[in-house]
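Below is one structure; the comments refer to it alone.
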2 protein chains.
Amino acid sequence: MKRDEEREIRDQKGMLPDEEAMLQNEEGMIRDRNGLTESQFLAQYDVGDYERPSVATDMVIFTVMDTEKDNYRKLPEKALRVLLIQRGGHPYLGKWALPGGFVRPNETTEQAAVRELREETGVDHVYLEQLYTFSEPHRDPRTWVMSCSYMALIDSSQVELQAGDDADHAAWFTLSYRLIREQKEILESGVIRSWHYELILTSERDTLTALVERKMTLTESATHTEYNILSNNGLAFDHAKIIGAAMERLRGKVEYTGIALHLMPQLFTLTALQQVYEVILGKELLKAAFRRKVAHLVMESDHYTENAGHRPSRLYRRNWEMMT
Amino acid sequence: MKRDEEREIRDQKGMLPDEEAMLQNEEGMIRDRNGLTESQFLAQYDVGDYERPSVATDMVIFTVMDTEKDNYRKLPEKALRVLLIQRGGHPYLGKWALPGGFVRPNETTEQAAVRELREETGVDHVYLEQLYTFSEPHRDPRTWVMSCSYMALIDSSQVELQAGDDADHAAWFTLSYRLIREQKEILESGVIRSWHYELILTSERDTLTALVERKMTLTESATHTEYNILSNNGLAFDHAKIIGAAMERLRGKVEYTGIALHLMPQLFTLTALQQVYEVILGKELLKAAFRRKVAHLVMESDHYTENAGHRPSRLYRRNWEMMT
DNA sequence: ACAATAGTGTCTCTGAGACAGTATGAT
DNA sequence: ATCATACTGTCTCAGAGACACTATTGT
């Protein structure tokens, strides 16, 4: 086994090609030091039996939903939600996990994510973005499993359609991700910065909490960033980290791209869009400035909201041409 | 084999926990539907023999080097360089590949990258960032290999030290990555945008070229981005894509972080820093505006350049505290 | 003196922040 | 008329772009 692994690694790195071995007869007919052409080499190639990891995809599926309105004429508030699935087997039995599954041969991690998304939500064409690959050897207590994580954004109207048709083991959780501590420690050799985020997930029946740390070590010529789960109540595996990574990606991109439009239905008001921005960023924005900023991302429609208990609002649609 | 895979996937997704099976005696003593506690489950857990991919890391190691100066008093220009390794075995015998290797059990992909970096360059503490995981099933003709790619930034003075101590099969290539076509195609159902980048890598002996396309499909509720290699002359595997992804990450981050400082030695002039920005972004910047912009990322030192054939320049050092 | 780079001052333009003011439909 | 939201106008401030100007060395 060790022998195979070594050979693999040598092949991958590549050694100095032996000049006489590199007789290039025709295109694709170069021979290696054993006198084999590429097709001959591949025909005799043995995969070897050294250890390989399992690779899974885990998905953070975001959507935005209205909360109930207090007052017949007040606008409903928006909440950011993620889909979680309660585990029915060990490990982490009874805990909540991100939807995901193993990548199969002859598919990409992205195809696995699309497949999983369809199985779990019935939704098909959505915004999907690869986040990060988590590879701590013991992140899954069963065996060596890496997770290539994805973020999906679903427009809220699509969600209404399929809500409830899936089993009870899946539930939408309202998400709050808040910076609760920021620290800067100055050593003689460098700086350590850390941020603590409190993650709270609430469904109708459960509340899950976790504390995630982002830690950055900056020294002369070395720089390292790591995520740690400081406490975790109800989430399976390292999924608190993955949700944290997704929130940071989402927040980062909201500011300088039109990514939030993927969370909107076909027609929406600018106030609704602003609420989505606010719920993602976790802060209030000024109306006038917001409208100027998103003006080029949307197109006016001729439709208006009705029966709102106050002045009707113009409805807009996404302007894809302006999205990068 | 199929049976094992199914079980795996069921475990990962989690099924609705059977209420009576969830007798929670003590913390960690929950029993599953077979009456097993978590530790009992893990003790009897069988990994199964369904197919798993190999996982490798590939690294884009960037550094900046001076080119020769034309004139005794002119400043040398900077060039962005990446390290490539000539393959000594099939597949892609004789082609140039990114340094990389397989991830071993009990290490993370990042640790594999660090190990590989040290083996290949002797450098140890550097800026390292995960880029993207490439998983097209046939990206490696031998077998199913995913690549978790990383970008490393090495300060040019560290590189001078070890240059040449490694074998001839490794070489630094000057990199040029240029947008040569931008296209917007409007369909009735959406928009397809594409960007063609020309990648040129030159070493003292070789010139490699590739044409990489970034293609974004935006339709009502669906959004998809993909990279394609349109032509490729001299690079192994899908490494042209990986280099493209690295360049885009680097360019993106240069604009709003201090990432470029990782490419600088301990003491440097602001003009040198500006040249690094320019060579990464591929465009000229205005001096006054640039100096205002980076002012908070650097600290003055009391040292100056000497024997320059013109007015000496103040040397600065990195101000880590201001880097996010 | 001259070549070449180092470094500064300042005008303009743009875009975000702030806030006040006007508009409009449902009850 | 009132409530609640829709929408606009405009002042200010900060930062980027543009460009001109002064400063300082080695040869």
Side-chain angles (χ1 to χ4, degrees), chain A residues 66-78 254-258 260 264 267-278 281 283-317 322 324, chain B residues 66-78 254-258 260 264 267-278 281 283-317 322 324:
Chain A
D66 289 351
T67 58
E68 312 87 71
K69 36 176 149 182
D70 317 335
N71 177 315
Y72 78 98
R73 59 185 5 174
K74 267 198 171 153
L75 277 181
E77 301 214 326
K78 303 276 183 192
V254 158
E255 305 247 40
Y256 68 98
T257 72
M264 305 307 292
L267 288 176
F268 52 89
T269 67
L270 291 184
T271 304
L273 183 59
Q274 182 173 350
Q275 286 175 324
V276 170
Y277 272 70
E278 288 174 343
L281 294 171
K283 67 179 183 199
E284 305 217 318
L285 303 173
L286 291 163
K287 185 155 57 174
F290 177 79
R291 293 170 104 91
R292 269 177 281 158
K293 185 172 155 175
V294 300
H296 69 289
L297 295 172
V298 299
M299 289 184 314
E300 284 187 358
S301 80
D302 298 328
H303 300 83
Y304 288 83
T305 54
E306 282 168 14
N307 299 320
H310 48 75
R311 172 171 171 181
S313 177
R314 186 189 279 278
L315 291 167
Y316 290 78
R317 57 180 93 248
M322 287 301 130
T324 315
Chain B
D66 289 350
T67 58
E68 312 89 68
K69 37 176 150 181
D70 317 336
N71 176 317
Y72 76 99
R73 58 188 2 172
K74 266 200 172 149
L75 277 181
E77 300 214 326
K78 304 275 183 193
V254 157
E255 305 247 40
Y256 68 99
T257 72
M264 307 306 292
L267 289 175
F268 53 87
T269 66
L270 291 184
T271 303
L273 182 59
Q274 182 173 349
Q275 286 176 323
V276 170
Y277 272 70
E278 288 175 344
L281 294 171
K283 67 179 181 196
E284 305 218 319
L285 303 173
L286 290 164
K287 185 158 56 173
F290 177 79
R291 293 167 103 93
R292 269 177 283 159
K293 184 173 156 177
V294 300
H296 69 288
L297 294 172
V298 299
M299 291 185 311
E300 283 189 357
S301 80
D302 297 329
H303 300 82
Y304 288 82
T305 55
E306 282 168 14
N307 299 320
H310 48 76
R311 174 171 169 179
S313 176
R314 186 188 278 278
L315 292 167
Y316 289 78
R317 56 181 94 246
M322 288 303 130
T324 315

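Lettering of chains follows the sequences in order, A, B, ..., and the numbering in each one begins at 1.
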D/dT5 OP1/OP2 closer than 4.0 Å to side-chain N/O of A/T271: no
A/S313: side chain to side chain contact (heavy atoms under 4.5 Å, CB included) partners, not counting sequence neighbours: A/T269, A/T305
Aromatic plane relationship, B/Y256 with A/Y256 - under 30° parallel, 30 to 60° tilted, over 60° perpendicular: tilted
Which residues share a side chain to side chain donor-acceptor pair (under 3.5 Å) with A/E284, sequence neighbours left out: none
Nearest atoms (heavy-atom pairs only) where A/Q274 meets A/L285: NE2-O, 3.0 Å
Least distance between heavy atoms, B/A260 atom then B/V276 atom: CB-CG1, 4.2 Å
Summary of salt bridge (charged side-chain N to carboxylate O under 4.0 Å, His left out) pairs that have at least one residue in residues 293-316 of chain A, sequence neighbours excluded: A/E300-A/R314
First and last nucleotide of DNA chain C, 5' to 3', lying under 4.0 Å from heavy atoms of chain B: C/dA3 to C/dT10
Nearest-Å distance for atom pair CZ/C1', residues A/F290 and D/dT5: 16 Å
Helix axis bend for the helix from C/dA1-D/dT27 to C/dT27-D/dA1 - C1'-based end axes, five pairs, 10° rounding: 10°
Residues that B/E255 engages under side chain to side chain donor-acceptor pair (under 3.5 Å), provided they are two or more places apart: none
Test item: A/S301 side-chain N/O and A/R317 main-chain N/O as donor-acceptor pair under 3.5 Å: no
Sugar-phosphate only, base, or nothing, as touched by A/T269 at under 4.0 Å among non-hydrogen atoms: nothing
Counterpart residues, side chain to side chain donor-acceptor pair (under 3.5 Å), relative to B/Q275 (two or more places apart): none
Within-4.5 Å side-chain heavy-atom neighbours: B/R291 and B/L286: no
B/Q274 CD - D/dA16 C1' separation (whole Å): 14 Å
Under 4.0 Å protein heavy-atom contact, by nucleotide of nucleotides 18-26 of chain D - B base, S sugar-phosphate only: BB---BBBB
